[in-house]
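Chain letters run A, B, ... following the sequence lines, proteins first and then strands; every chain starts at 1. Computation of the quantities below employed the complete heavy-atom set of this structure, encompassing side-chain atoms and omitting hydrogens, waters and symmetry-equivalent molecules.
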Amino acid sequence: MQYPYIEQFRHALVTWFEREQRDLPWRHTKDPYKIWVSEVMLQQTRVDTVIPYYTRFLEIFPTMEQLAQADEDVLLKQWEGLGYYSRARNLQAGVREVVEQYDGVVPNTREEISKLKGVGPYTAGAVLSIAYGVPEHAVDGNVMRVLSRVLNIHEDIAVPKTKKTFEAAVDMLIDHENASSFNQGLMELGALICTPTSPKCLLCPVRDYCIAFEEGEPEKLPVKTKKVKTKPLYYDVFVLRDEAGRYKLEQRASSGLLANMWQFVMVERGEGVFTPQIVEQTEAAQIVTQDHLMSFKHVFSHLVWHMDVYIADVKGEHPAWYDAEQIEKLPMPVPMLKIWHALPR
DNA sequence: GAGCCGTGGAT
DNA sequence: TATCCAAGGCT
């Protein structure tokens, strides 16, 4: 690949980043653990969403040793609402590896750090460059968008293999004296200037070194095929409440969607099928009243839940069920939180 | 390699 | 309302 502006691009990007970067909580530290936490939280998640989670998380788990010792329910409760909950479990597993096998020091080579659970090619490069200054590539969606335009690359970024092209591009361009600012600069540029739609080219510090801008249609890049369609699922949800004000909760399976999180009794049904009475067959509890509470849908990345929610008062007491105080401490996915907060008090 | 895995904001 | 997506990784 012939690109005539390597030195100019590198210098313009780094100086722009060091002048214009946003003041974000994880930019006040070089602690590899804290950088690691921020990078995991930022996976597929917006900066504004992450900030309060990041701050709270490090108040509760200020060191790797404390995170390593946390109970899973406590950990997931801190992650509640952030999504992709396996990230939390994998982060804790990775941290435990560092505490036990690396004497509490995050490894500083791609070879070693990549062995840690939940640390893929991007997170490895991000932690290495930002915390340790190691000149390793950290290619995320921003980087592919920015460099597809700067270098006028038309490969389909929806094809996994395409990432190698961009990793090679970063290897060519990266500032070996300031890998941290270079990598963060690429991402910051993608977030603030070189946006997916309506890029602000007139404000861009590397406009003069951008081939796509030169050719006139940077907004046409990157090329990205592939669309996902979501599959609908239909559920009846039963909020069972006993005479002591306890609710029946169930913990989800330990793998798959929303693993190990807690929910009210949920029964899948066919589309258009009306079966709220099924709870009387599946629950030994004797239903006194059963009222329709609400209906709503919740959209996931690859499926949609259509929920019909019923609240049922049952006879007697069920000591194994959970009172409000206990429920507040259990990690629940957002659709269940919606129901919980909508319950008549 | 394709599908799975959350959520809420922007357009 | 519909679509796309935002600092990806695992299976």
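The separation between A/F166 atom CZ and C/dG8 atom C1' is 16 Å, rounded to whole Å. Residue A/E188 contributes atom CD, which lies 14 Å from atom C1' of C/dA6 at whole-angstrom precision. Here C/dA6 presents its P atom at 7 Å from NZ of A/K224, a figure rounded to the nearest Å. Computed from coordinates, the A/L82 CG to B/dG6 P distance equals 11 Å when rounded to whole Å. We find that NZ of A/K164 is positioned 18 Å from P of C/dG8, with the value rounded to whole Å. The distance from atom CE of A/M332 to atom P of B/dG6 is 16 Å, rounded to the nearest whole Å. Whole-Å rounding puts the A/D156 CG to B/dA2 P distance at 10 Å.
In terms of phosphate contacts, A/H302 brings no side-chain nitrogen or oxygen within less than 4.0 Å of OP1 or OP2 of B/dG3.
Taking a cutoff of 4.0 Å between a charged side-chain nitrogen and a carboxylate oxygen, A/E7 and A/R10 qualify as a salt bridge. Salt-bridge formation is detected for the pair A/K77/A/E80: a Lys NZ or Arg NE/NH1/NH2 atom is positioned less than 4.0 Å from an Asp or Glu carboxylate oxygen.
Here A/L24 lies in heavy-atom contact (under 4.0 Å) with a base. Using a 4.0 Å heavy-atom criterion, one finds that A/L303 contacts no nucleic acid atom at all. Residue-level contact check: A/W26 touches the bases, meaning some heavy atom is under 4.0 Å from a base atom. Heavy atoms of A/K231 sit nowhere under 4.0 angstrom from any nucleic acid atom. Counting any heavy atom pair closer than 4.0 Å across all strands shown, A/R252 reaches no nucleic acid atom.
Comparing A/F300 and A/Y84 against DNA chain C, the residue whose closest nucleotide sits nearer the 5' end is A/F300. Place A/A259 and A/V159 on DNA chain B by their nearest nucleotides, and A/V159 ends up nearer the 5' end.
Closest heavy-atom contact between A/P199 and A/R149: CB-NH1, 3.8 Å. The minimum heavy-atom distance between A/W26 and A/I35, with the atom names listed, is O-CD1, 3.6 Å. Here the closest non-hydrogen pair linking A/L303 and A/L257 is CD1-CD2, 4.4 Å. Across all their heavy atoms, A/P32 and A/V127 have their closest contact at O-CG1, 4.2 Å.
With values rounded to the nearest 0.5 angstrom, A/D175 atom CG is found 12.5 Å from A/F17 atom CZ. A/W262 CH2 to A/I327 CD1: the interatomic distance, rounded to the nearest 0.5 Å, is 10.5 Å. Note: A/E268 CD to A/L233 CG = 5.0 Å, rounded to the nearest 0.5 Å.
B/dG6 and C/dT11 are spaced 13 Å apart, taking the P atom of each and rounding to whole Å. Rounded to whole Å, the separation between the P atoms of C/dA6 and B/dC5 comes to 22 Å.
Closest to the A/K297 side chain, of the nucleotides B/dC5, C/dA2, B/dG6, is C/dA2.
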Grab the N/O contacts between the protein and nucleotides 9-11 of chain C below 3.5 Å, and write none if there aren't any.
residue: C/dG9; atom: OP1; partner: A/G120; partner atom: N; Å: 3.0
residue: C/dG9; atom: OP1; partner: A/G120; partner atom: O; Å: 3.4
residue: C/dG9; atom: OP1; partner: A/T123; partner atom: N; Å: 2.9
residue: C/dG9; atom: OP1; partner: A/T123; partner atom: OG1; Å: 2.7
residue: C/dG9; atom: OP2; partner: A/Y122; partner atom: N; Å: 3.3
residue: C/dC10; atom: OP1; partner: A/G118; partner atom: N; Å: 2.7

Output a table of nitrogen or oxygen pairs between the protein and nucleotides 8-11 of chain B separated by less than 3.5 Å.
residue: B/dG8; atom: N2; partner: A/R46; partner atom: NH1; Å: 2.7

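Under the side-chain hydrogen bond (donor to acceptor under 3.5 Å, both in side chains) test applied with A/Q184, the options A/Q21, A/R27, A/E18 reduce to a single match, A/R27.
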